[in-house]
Amino acid sequence: MSFLRFGGDPPSPWEQPYGFSRVVQAGGVVVVGGTTSVDADGVVLGDTPYDQSVEILRKIQHELSRVGASLSQVVQTRAYVTDISRADDVGRAHGEAFGDARPAMTMVEVSALIDPRMLVEIEALAVVGED
């Protein structure tokens with residue numbers, strides 16, 4: 001089985017020093033690693049969990065498109081939030097992005113993310129290939 005590994009577009013400031021890929025494709029499985037709303041300059045985009053989630057899901061959609069996949073092929077997401085009382089904000093953005101695709105979703109509260117301005121981190125698993 002061949003593996004394709006891609007850095008983020010744009011890359012996360014942590015990809016090189018921490019030694020990880022943003023997207024890995026193994027056969028028909030595509031994994032988009034934990035994604036936040038940080039831009040290439042290290043600026044966290046969005047002040048609310050909803051705004052950050054919208055940006056994160058836009059980034060995930062872009063990363064999937066680089067390997068010919070789409071949000072409709074995502075079968076699972078995991079959302080890490082710093083305040084579970086704002087779950088509805090993250091869930092609303094998730095529902096808007098995925099519509100009828102409705103992947104399996106896990107949302108958990110974590111004590112912190114790598115930057116205190118980050119409120120949400122989302123990862124995705126997609127399956128591509130024959131229907």
Side-chain angles (χ1 to χ4, degrees):
M1 177 181 302
S2 63
F3 292 87
L4 299 174
R5 300 170 196 277
F6 299 92
D9 178 30
S12 153
W14 297 282
E15 287 177 27
Q16 283 294 69
Y18 290 8
F20 67 88
S21 300
R22 172 68 47 216
V23 181
V24 176
Q25 182 173 10
V29 176
V30 179
V31 178
V32 180
T35 303
T36 64
S37 65
V38 69
D39 69 10
D41 298 318
V43 175
V44 175
L45 304 176
D47 295 324
T48 68
Y50 173 80
D51 293 337
Q52 288 189 16
S53 297
V54 167
E55 175 61 18
I56 292 164
L57 292 163
R58 184 201 63 75
K59 287 174 68 175
I60 289 172
Q61 181 175 26
H62 172 71
E63 297 298 349
L64 289 167
S65 74
R66 295 172 64 207
V67 295
S70 68
L71 290 179
S72 67
Q73 294 166 303
V74 171
V75 297
Q76 182 181 40
T77 60
R78 290 184 194 94
Y80 305 94
V81 300
T82 58
D83 180 359
I84 201 70
S85 73
R86 304 290 301 271
D88 286 350
D89 294 334
V90 178
R92 179 166 51 103
H94 189 275
E96 290 169 0
F98 286 101
D100 291 336
R102 300 174 55 102
M105 179 191 193
T106 299
M107 187 184 313
V108 296
E109 182 178 54
V110 296
S111 61
L113 295 170
I114 197 164
D115 181 313
R117 298 170 297 170
M118 295 174 182
L119 307 173
V120 181
E121 182 168 333
I122 301 173
E123 53 189 37
L125 175 70
V127 178
V128 298
E130 295 182 32
D131 291 329

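No hydrogens, no waters, no symmetry mates; every other heavy atom, side chains included, goes into these values. These numbers were taken from a predicted model, which means no experiment stands behind them.
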Check side-chain hydrogen bond (donor to acceptor under 3.5 Å, both in side chains) between E55 and all other residues, then give those that pass, not counting sequence neighbours.
-> R58
With sequence neighbours left out, write down each residue that passes salt bridge (Lys or Arg N to Asp or Glu O under 4.0 Å) with R117, or none if nothing qualifies.
-> D115
Please identify each residue that fulfils side-chain hydrogen bond (donor to acceptor under 3.5 Å, both in side chains) with T77, with sequence neighbours left out.
-> H94
Spatial distance of atom CZ (R5) from atom CZ (F20) [nearest 0.5 Å] | 13.5 Å
Going from OG1 on T82 to CD on E109, what distance comes out if it is rounded to the nearest 0.5 angstrom?
-> 7.5 Å
Across all chains, not counting sequence neighbours, the salt bridge (Lys or Arg N to Asp or Glu O under 4.0 Å) partners of E63 are R66
Should L119 and T48 count as side-chain neighbours, where that means a heavy-atom distance under 4.5 Å?
-> no
For M107 and V90, run side chain to side chain contact (heavy atoms under 4.5 Å, CB included): C-alpha distance rounded to whole Å, both residues' side-chain angles, the deciding distance at 0.1 Å, then the answer.
-> CA-CA 9 Å; M107 187 184 313; V90 178; 3.9 Å; yes
Using the test side-chain hydrogen bond (donor to acceptor under 3.5 Å, both in side chains), find all partners of S65 that sit at least two apart in sequence or belong to another chain.
-> none
Group every Ile, Leu, Val, Met, Phe, Trp and Tyr by side-chain heavy-atom contacts under 4.5 Å, then state whether V31 and V128 land in the same group.
-> no
Is R102 atom CZ crowded by more than 12 heavy atoms from other residues, nucleotides or ligands, each under 6.0 Å away?
-> no
Where the side chain of S70 meets the backbone of G68, is there a donor-acceptor pair that is under 3.5 Å apart?
-> no
Rounding to 0.5 Å, atoms CE (M118) and OH (Y80) come to a distance of 15.0 Å
State plainly whether one hydrophobic cluster holds both L45 and I114, where clusters connect Ile, Leu, Val, Met, Phe, Trp and Tyr through side-chain heavy atoms under 4.5 angstrom apart.
-> no
ILVMFWY network linking I84 to I56, side-chain heavy atoms under 4.5 angstrom = yes
Partners passing side-chain hydrogen bond (donor to acceptor under 3.5 Å, both in side chains) against E15 (at least two apart in sequence or in another chain) = none
Answer with yes or no whether the hydrophobic clustering places V38 together with Y18; edges join I, L, V, M, F, W, Y residues whose side-chain heavy atoms lie under 4.5 Å apart.
-> yes
Measure the CD-CG distance between E121 and L113 for me, rounded to the nearest 0.5 Å.
-> 5.5 Å
Between R86 and D83, is there a salt bridge with N-O shorter than 4.0 Å?
-> no
With hydrophobic residues grouped by side-chain heavy-atom distances under 4.5 Å, do I122 and V67 end up in a single group?
-> yes
Do you know which two heavy atoms are closest between L71 and A97, and how far apart they sit?
-> CD1-O, 3.6 Å
